[in-house]
Amino acid sequence: MNFLTFLLLLLSIIWIWILFQTLNSKHKKSGKLPPGPYPFPVIGNMLELGKKPHQSLAKLSKTYGPLIYLKIGRLDVVVVSSPEIAKDVLQKYDQVFSSRSPPSAAMAKEHDKLSMVWLPAENQWRKLRRICKEQMFSTPRLDASWDLRQEKLLILSDYVNQCSVNGRTVKIGEAALITSINLMSATLFSVEFADFNSDSSQEFKDVVWGVMECIGTPNIADYFPVLKYYDPQGILRRNKVYFDKLFAIFDGIIDERLKSRGTSVKNDLLDALLDLNQKLEPELSRDDIKHLLLDLFIAGADTTSSTVEWAMTELLRNPEKIIKVRNELRDVIGMKSIIQESDISRLPYLQAVVKETFRLHPAAPFLVPHKSDDNVEINGYLVPKNAQILVNVWASGRDSNNWLNPDLFMPERFLDIKTDFQGQDFELIPFGAGRRICPGLPLARRMVHLMLATLICNFEWKLEGGLKLEEIDMIERFGLTLQKAIPLEAFPIKL
Ligand code: HEM
């Protein structure tokens, strides 16, 4: 690049910078933005995010406080890192902050216009939430489908048993992902999707992974909307291919169900959705149904399995705690290989392990980002209209202002306090809070406890290759969910 081109480029950057600043001054005039690091021209604070934005932003909050303003490309971003301000955003001003800015990847097949995850909190979204609550996640509905889930847990237990007999390791995250997909497909439409040994199930897992990868990969087009149409990283194109594959699978299942409905009734979510679709004035279109199923799988599979993987990792690093869980299970259920869902309330130590895992390893460290629909004053600062709001639950879970010895895995801390993750205690909100709280919470809660109990009750676990406990890595990989970077593998020993 010669000097003249360089100079022209530099001048253009400065000009664009001045233009952005001028446009931004609209906000600044009507209030003082929260503190934050000074942005570079054009890219803003993009470099501050690094590969693990939840950690970088937790560090920044130590310098600038629990409410930070960043400029990422063209986007105003406000980061919340304290329970008090999270309560303001998710409870006091819930209505203003309940929208989302769908990422470019979600535009594939117009998903952003049909999806419960990305729709604004208006009529269609309300309808989808109501249907899910009534038809799938209510206590009677979940109790009624327990038999189907019990079968899938027996499959997990048999698989671990086989590994034990053959002296093979279990990849805990993968086994939990297959089981999560099976638990959900059983609950949603009485079909088993994934199998521990078959290639056909690999295809389904690959597609689910592919979508999660596309939505989780940082996309430059999300920060510079003008690039949306060029899709410079090809993420939108790849996601369309995955969506096509998933929709083809769902179409097959729907067609099959429509054929068999005359002769057999399954009475699951799919039947309920098809009833709404076949009314004289349909409440849901076939597309609505497919996009809803997609949402449930993508939002539910990996969140649940990564929680199980982190819990097992923490327990393997703390052998006395895994023994405590096992002893509690033995006391309550004896030597059965599977616990009943109704047993969970009688297992306070297991519940404490799950809470402690959510505190240290929330699957969605920023929740699903919210958006402000208006200018709002919070804590004396202006949160500008259309800003993206990141509630850093990872940071408040590890903040010594909220927790004693925050970096230690100490389930015992939850035995004497009533703190729960249902959206009322803002220091522990791995499922969010307010109107956008995770609708799958009641199912997720059951799935995580059940999978952990199945893995612990009848098996002891040994690490591969004589790895010492303190050598188990805890490195995180940031994506759609917060994964363990190096998957946990361990040898099961049947007790
Ligand atoms: C939304 C966490 C399991 C379906 C969310 C949100 C979080 C979350 C943090 C965003 C809340 C917000 O925006 O404030 C989790 C965790 C799970 C889990 C930690 C497991 C450990 C599930 C399951 C399902 C599910 C099993 C369904 C089968 C959804 C859906 C949304 C959502 C559809 C979007 C709701 C909306 O935008 O209105 N989840 N989730 N999740 N979750 Fe979950």
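Just so you know, ligand 1 is whichever comes first in the structure, and atom 1 is the first atom listed for that ligand.
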*Asks:* Give the atoms of ligand 1, by number and element, whose distance to some non-hydrogen atom of His370 is under 4.0 Å.
*Replies:* 12 (C), 13 (O), 14 (O)
*Asks:* Below 4.0 angstrom from a heavy atom of Trp125, which ligand 1 atoms are there? Numbered from 1 as shown, please.
*Replies:* 36 (C), 38 (O)
*Asks:* Compare Thr303, Leu443, Leu367 and give the one whose heavy atom is closest to atom 20 (C) of ligand 1.
*Replies:* Thr303
*Asks:* Checking side chain to side chain donor-acceptor pair (under 3.5 Å) against His111, which of Asp295, Asp287, Asn239 comes through?
*Replies:* Asp295
*Asks:* Check each of Arg446, Met116, Arg436, Arg445 against atom 11 (C) of ligand 1 and report the one with the nearest heavy atom.
*Replies:* Arg436
*Asks:* Which pair of non-hydrogen atoms, one from Phe426 and one from Leu90, has the smallest distance, and what is that distance?
*Replies:* CE2-CB, 4.0 Å
*Asks:* Look at ligand 1 and say whether Trp118 reaches it with a heavy atom at a distance under 4.0 Å.
*Replies:* no
*Asks:* Charged N to carboxylate O under 4.0 angstrom, Arg257 versus Asp268?
*Replies:* yes
*Asks:* Go through the steps for Glu412 and Glu356 under the test side-chain contact (heavy atoms from CB on, under 4.5 Å), then give the verdict.
*Replies:* CA-CA 9 Å; Glu412 291 72 15; Glu356 184 69 339; over 6 Å; no
*Asks:* Measuring from atom 7 (C) of ligand 1, which candidate in Phe431, Phe358, Phe97, Phe421 has the nearest non-hydrogen atom?
*Replies:* Phe431
*Asks:* Among Gln483, Lys484, His54, which residue satisfies the side chain to side chain donor-acceptor pair (under 3.5 Å) criterion with Glu476?
*Replies:* His54
*Asks:* Does Thr307 reach ligand 1 with a nitrogen or oxygen that is under 3.5 Å from one of the ligand's nitrogen or oxygen atoms?
*Replies:* no
*Asks:* Kindly identify the option in Cys438, Ser115, Ser305, Ala121 whose heavy atom sits closest to atom 8 (C) of ligand 1.
*Replies:* Cys438
*Asks:* Rounded to the nearest 0.5 Å, what's the gap from CD1 on Ile289 to CD1 on Ile131? Could you check?
*Replies:* 8.5 Å
*Asks:* Output yes when the distance from some N or O of ligand 1 to some N or O of Asp295 is under 3.5 Å, and no in every other case.
*Replies:* no
*Asks:* Using a strict cut-off of 4.0 Å, indicate which atoms of ligand 1 neighbour a heavy atom of Met184.
*Replies:* 28 (C)
*Asks:* Work out whether the distance between some heavy atom of Arg100 and some atom of ligand 1 is less than 4.0 Å.
*Replies:* yes
*Asks:* Among Pro430, Ser99, Ala86, Ser180, which one has a heavy atom closest to atom 19 (C) of ligand 1?
*Replies:* Pro430
*Asks:* Quick one: does Phe297 get within less than 4.0 Å of ligand 1, heavy atoms only?
*Replies:* no
*Asks:* Report the C-alpha distance between Phe297 and Phe204 in whole Å, list the side-chain angles of each, state the deciding distance to 0.1 Å, and finish with yes or no for ring pair (Phe, Tyr, Trp, His ring centres under 6.0 Å).
*Replies:* CA-CA 11 Å; Phe297 271 102; Phe204 185 76; 5.5 Å; yes
*Asks:* Indicate whether any N or O donor in one side chain lies under 3.5 Å from an N or O acceptor in the other, for Asn182 and Thr179.
*Replies:* no
